[in-house]
Amino acid sequence: MFKLILKEILEKTYNLHLSQDTLQTIDKYLRLLLEAPLNLTSIDDYNEAVHKHVADVLLPIKSLTGNLLDVGTGAGIPGLILVIVFPIKATLLDSSKKKIFWLNDTIKKLNLSNINTVATRAEDYAKQAREKFDVVTARAVAEVRILLELCAAFAKVGGLLYFYKGPNWKEEYKACVNIERILNVRLKEVIDYQLATGEKRSLIIFEKVGPTDPKFPRRYNQILKKPL
């Protein structure tokens, strides 16, 4: 029943066509998420989860390859959805050990082999994973200037940063002029879209155009207190 709801919403509402195996895996993930004992999502309705956890992730992305890092992954969104749908390898990063423990158990239940998890802060993981990823994603983590400093070091030169944002991203971006130059990134593309539930969304894509200075990212409290 739930898989049919998933298929109908994605196909009829968003023109997103996925294989039966992919739909089955996403359906199982959503049911595990909604039943999770942790407070992983504020959404408790399956239909709403399809719109806001699946369609929101997939609508702006037509293809994806390479090695992906999802920063502040939480319940695995967007990284887990993307690795189910696209032929990529993914690392899910979160500072919460409880969330990573749940993700590890969920990944086993979904029989996913092209994904791993890391339980640490982004600033610490950057020391061992600099410029290793083709794509770095983040959703609902922080404002754009903070995301850029936290995420830029992970992307290869020529790699991309994908930030899922609401309509306020333009105001946030005004604070990023110096940051782009300092971190060697540039705004490449903005994909605007709208969910059937009414939310206006944007995927903000930055390109890494040069190496990131080893002193970045700084500690999170420094990023907050002393913007670049």
Side-chain angles (χ1 to χ4, degrees), residues 25-46 48-49 52-54 56-57 64 66-86 88-156 159 161-165 212 214-226:
T25 304
I26 293 176
D27 167 62
K28 186 172 182 179
Y29 166 70
L30 289 180
R31 287 185 285 111
L32 288 169
L33 175 61
L34 294 176
E35 296 166 1
L38 299 174
N39 184 25
L40 293 173
T41 176
S42 59
I43 295 171
D44 58 9
D45 176 76
Y46 185 91
E48 187 180 2
K52 296 182 180 179
H53 290 333
V54 184
D56 182 41
V57 170
L64 200 62
N67 197 6
L68 177 144
L69 173 68
D70 188 24
V71 176
T73 191
I77 302 168
L80 195 54
I81 297 295
L82 292 172
V83 84
I84 291 171
V85 174
F86 295 106
I88 60 173
K89 293 181 179 179
T91 298
L92 307 182
L93 173 67
D94 202 280
S95 61
S96 169
K97 292 182 179 180
K98 288 184 178 180
K99 290 177 182 178
I100 292 297
F101 180 84
W102 180 85
L103 278 171
N104 286 337
D105 183 58
T106 298
I107 289 166
K108 288 180 183 177
K109 289 176 179 176
L110 298 178
N111 276 330
L112 298 175
S113 60
N114 52 341
I115 187 168
N116 68 289
T117 63
V118 178
T120 191
R121 299 188 64 85
E123 312 96 287
D124 294 322
Y125 189 52
K127 296 172 184 176
Q128 57 182 290
R130 299 187 74 82
E131 299 181 352
K132 288 189 175 181
F133 297 94
D134 302 291
V135 178
V136 182
T137 59
R139 189 183 86 149
V141 175
E143 60 185 88
V144 175
R145 71 170 183 86
I146 295 173
L147 288 177
L148 283 173
E149 184 166 347
L150 286 176
C151 297
F154 295 112
K156 298 176 181 177
L161 309 175
Y162 284 13
F163 300 153
Y164 290 84
K165 301 293 293 182
T212 304
K215 66 184 177 184
F216 300 116
R218 298 168 293 165
R219 303 304 300 177
Y220 192 75
N221 62 343
Q222 290 181 295
I223 297 174
L224 291 178
K225 293 178 181 178
K226 296 181 178 180

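- With hydrogens and angles disregarded, a donor-acceptor distance shorter than 3.5 Å links the side chain of E131 to the backbone of T212.
- With a 4.5 Å cut-off on side-chain heavy atoms, V136 and K156 do not count as touching.
- For the residue pair L150 and P217, the shortest heavy atom distance occurs at CA-CB, 4.1 Å.
- Here the closest heavy-atom approach between residue L148 and residue F163 is recorded as CD2-CE1, 3.7 Å.
- Remark: Q128 CD to T120 OG1 distance equals 7.5 Å, nearest 0.5 Å.
- Side-chain contact between T117 and F101 is absent, with no heavy atoms from C-beta onward closer than 4.5 Å.
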**Prompt:** Run the side chain to side chain contact (heavy atoms under 4.5 Å, CB included) check on I81 and H53 step by step: do they pass?
**Reply:** CA-CA 8 Å; I81 297 295; H53 290 333; 5.7 Å; no
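- Between atom CG of residue L103 and atom NZ of residue K98 there is a gap of 14.5 Å, rounded to the nearest 0.5 Å.
- Between the side chain of Y164 and the main chain of V57, a donor-acceptor pair closer than 3.5 Å is present.
- Of all heavy-atom pairs spanning K52 and R139, the tightest one is O-NH1, 2.6 Å.
- Checking side-chain atoms of D94 against main-chain N and O of G74 turns up a donor-acceptor pair under 3.5 Å.
- Within the 3.5 Å criterion, the main-chain N or O of G66 finds no donor-acceptor partner in the side chain of D134.
- The two atoms that bring W102 and A36 nearest to each other are NE1-CB, 3.5 Å, heavy atoms only.
- One N or O on the side chain of R218 and one on the backbone of K226 form a donor-acceptor pair closer than 3.5 Å.
- S95 and R121 make their closest contact through CB-CG, 4.0 Å (heavy atoms, listed as atom of the first residue, atom of the second, distance).
- Side-chain contact between L112 and L80: present, with at least one pair of heavy atoms (C-beta onward) separated by less than 4.5 Å.
- A pairwise comparison of heavy atoms in A49 and L34 identifies CB-CD2, 4.4 Å as the closest pair.
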**Prompt:** Going through the distances and angles, do Y125 and V71 end up as a side chain to side chain contact (heavy atoms under 4.5 Å, CB included)?
**Reply:** CA-CA 10 Å; Y125 189 52; V71 176; over 6 Å; no
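- Atom NZ of residue K97 and atom CG of residue N104 lie 12.5 Å apart, to the nearest 0.5 angstrom.
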**Message:** What verdict does the side chain to side chain contact (heavy atoms under 4.5 Å, CB included) test give for I77 and L33, after you've listed the backbone C-alpha separation in whole Å, the side-chain angles of each residue and the deciding distance to 0.1 Å?
**Reply:** CA-CA 11 Å; I77 302 168; L33 175 61; 4.2 Å; yes
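- Looking at heavy atoms from C-beta onward, Y162 lies out of side-chain contact with P78 at the 4.5 angstrom threshold.
- Put simply, the side chain of I115 reaches to within 4.5 Å of the side chain of L92, judged on heavy atoms.
- Note: N111 CG to T25 OG1 = 8.5 Å, rounded to the nearest 0.5 Å.
- Without hydrogens or angle criteria, R145 side chain to I223 main chain gives a donor-acceptor distance under 3.5 Å.
- With values rounded to the nearest 0.5 angstrom, Y46 atom OH is found 5.0 Å from L30 atom CG.
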**Item:** Check against side chain to side chain contact (heavy atoms under 4.5 Å, CB included), L93 and F154
**Value:** CA-CA 12 Å; L93 173 67; F154 295 112; 4.3 Å; yes
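- K132 places no side-chain N or O within donor-acceptor distance of the main-chain N or O of L69, the cut-off being under 3.5 Å.
- Distance check: E123 CD to Q222 CD gives 9.5 Å after rounding to the nearest 0.5 Å.
- Inter-residue side-chain proximity for L110 and L32 is flagged as met; some heavy-atom pair is nearer than 4.5 Å.
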